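Here is the structure we will look at, set down as structure tokens.
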There are 2 protein chains.
Amino acid sequence: MKTAAKPRRRAAPRHPAHDAGTRDRILEAAGEVFAAEGFRRATVREICARAKVNIAAINYHFGDKYELYREVFSHFARAGIEQYPVTFDPGGKPEPQLRAFCRNFTRRLLDPGRPAWHGRLIAREMVEPTPLLDEIVKSFMRPQWETILRIVAANVGAPPGSELARRCATSLIGQMLFQHNCRAVIDRVQPGQEYTPEENDRRAAFVAEFSLAALRALRGAAKRKAVAR
Amino acid sequence: MKTAAKPRRRAAPRHPAHDAGTRDRILEAAGEVFAAEGFRRATVREICARAKVNIAAINYHFGDKYELYREVFSHFARAGIEQYPVTFDPGGKPEPQLRAFCRNFTRRLLDPGRPAWHGRLIAREMVEPTPLLDEIVKSFMRPQWETILRIVAANVGAPPGSELARRCATSLIGQMLFQHNCRAVIDRVQPGQEYTPEENDRRAAFVAEFSLAALRALRGAAKRKAVAR
DNA sequence: GGGCGTGTCAAACATCTGTTTGAAATAGGT
DNA sequence: ACCTATTTCAAACAGATGTTTGACACGCCC
């Protein structure tokens with residue numbers, strides 16, 4: 001199974017008739033399967049079965065599995081970003097923005113349904129990287145990272161590029177990603193976990209409070225350090 | 001590729017001559033490859049090449065790939081647990097114990113070298129579960145989880161089984177696991193990351209301080225809540 | 001109706017992966 | 001040296017997976 005490098009037949013050009021059927025069904029099915037299984041474990045047979053199309057359709061419409069994977073990312077990015085925006089307003093208050101960030105970030109990972117597929121695709125790609133990772137870092141992750149750094153920096157009172165802000169942002173994101181990426185384990189050591197939207201929001205709220213408490217204290221500590229000097 | 005359920009030839013019984021060669025070389029190679037690649041992506045061909053043995057040797061000595069995987073876990077558990085102990089002493093101070101936990105947990109994920117393979121095997125199994133997960137949860141993860149809960153509970157001043165302790169423990173672990181599991185992304189959005197033992201300890205120390213600050217604050221909040229009532 | 005382009009299909013193909021097989025080599029004991 | 005058990009080996013095998021192929025169907029335009 002070669003993921004890249006081999007010259008491929010060009011995927012069929014987009015055509016008005018295309019958007020009414022097979023191609024879209026494949027994208028939908030692939031979005032769901034890739035988000036749940038990741039690139040490697042997802043099979044074209046499962047995607048085609050789910051989409052009720054012939055197995056050669058992926059090659060006809062997308063060229064190959066890898067290009068389908070790439071298309072899935074761009075196809076679902078918009079919905080995911082709109083539904084779960086992560087933004088920073090320099091004129092706004094830092095704490096509510098961090099809370100909003102936690103809520104949206106957690107939702108994009110744990111929410112049931114289609115808009116969360118993008119978030120889950122990203123999360124999977126993070127733990128099982130494919131050759132597409134570099135593109136995704138450039139187009140999505142790095143800009144998001146910069147935004148998160150700003151949110152965190154505003155709360156901890158350090159420049160966004162500082163080591164303090166970076167470490168805090170790492171700690172913040174890790175808490176939420178853990179709840180998605182290691183869910184199989186969490187559910188086993190903590191039986192009875194629920195994943196309703198309300199419970200997911202409670203998770204997000206806790207991460208926000210835990211982290212805000214830490215950021216406040218670290219902000220205080222940095223201030224005392226500056227005064228002492 | 002069937003990971004389980006098929007009746008398998010019994011692996012060769014252990015024999016004095018065994019421990020001097022092929023079998024051990026396979027275990028070493030497999031420990032390294034499984035820790036780096038996970039079960040699914042690791043191939044018996046790579047393991048055998050690394051161990052300089054014939055490809056049929058895995059089946060002869062271990063039965064099949066999956067049994068080898070299981071053996072690798074038990075084989076490396078002892079070294080990992082000894083090198084990176086996670087324990088709780090009820091008579092000891094809570095904060096130094098949490099710091100020690102962070103240090104050892106982070107080291108078991110990020111340290112170079114063999115003793116960290118067990119930790120990395122566990123981390124990989126968490127994000128890409130195999131049918132072995134239930135066994136590992138029972139033999140290793142759940143006991144560890146209970147210990148971590150105790151450490152956290154002592155710091156936050158709540159019972160180990162409480163929701164507060166559980167959420168805090170989740171937040172604590174997530175920070176460290178993120179640094180290992182999503183390392184490919186971290187290295188791309190934060191170029192220049194170093195993974196020397198010293199730098200790893202600095203990471204651990206930061207997670208400890210971040211989390212202790214949060215725990216102190218949450219402890220205070222819980223106390224004020226109790227008083228108010 | 002014919003020609004051309006597009007889309008679909010079943011079968012075949014190519015590759016990879018884990019496993020099996022039977023012969024040969026090796027090790028250990030008498 | 002001989003016998004038996006164990007170990008190793010190369011080749012073959014079986015199954016899974018992604019891709020290709022060529023025929024056919026369909027739609028559109030002249």
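Just so it is clear: chains get the letters A, B, ... in the order the sequence lines come, proteins before strands, and each one is counted from 1. Because the structure is a prediction, the values reported are computed rather than measured.
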Nearest-angstrom distance from the residue atom [atom1] of [X] to [atom2] of [N]:
X	N	atom1	atom2	result
A/Arg40	C/dT15	CZ	P	18 Å
A/His61	D/dT20	NE2	C1'	16 Å
B/Lys65	D/dA16	NZ	P	15 Å
B/Glu46	C/dC16	CD	C1'	14 Å
B/Asn59	D/dT6	CG	P	18 Å
B/Asn54	C/dG18	CG	P	14 Å
A/Ile26	C/dC9	CD1	C1'	13 Å
B/Arg41	D/dA16	CZ	P	22 Å

Proximal nucleotide (of [options]) relative to the [X] side chain:
X	options	result
B/Ala56	D/dC9, D/dT17, C/dT8	D/dC9
A/Arg45	D/dT17, C/dA11, C/dT19	D/dT17
A/Ile55	D/dT19, C/dT8, C/dG18	D/dT19
B/Thr22	D/dT19, D/dT8, C/dT8	D/dT8

Check ion pair [X]-[Y] (N to O, under 4.0 angstrom):
X	Y	answer
B/Arg78	B/Glu82	yes
A/Arg167	B/Glu209	no
A/Glu28	A/Lys52	no

Residues A/Arg108 and A/Gln83: side-chain donor-acceptor under 3.5 angstrom: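 Distance-only check fails for A/Arg108 and A/Gln83.
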Which residue lies more 5' along DNA chain D, comparing A/Ile58 with B/Lys52 via nearest heavy atoms: B/Lys52
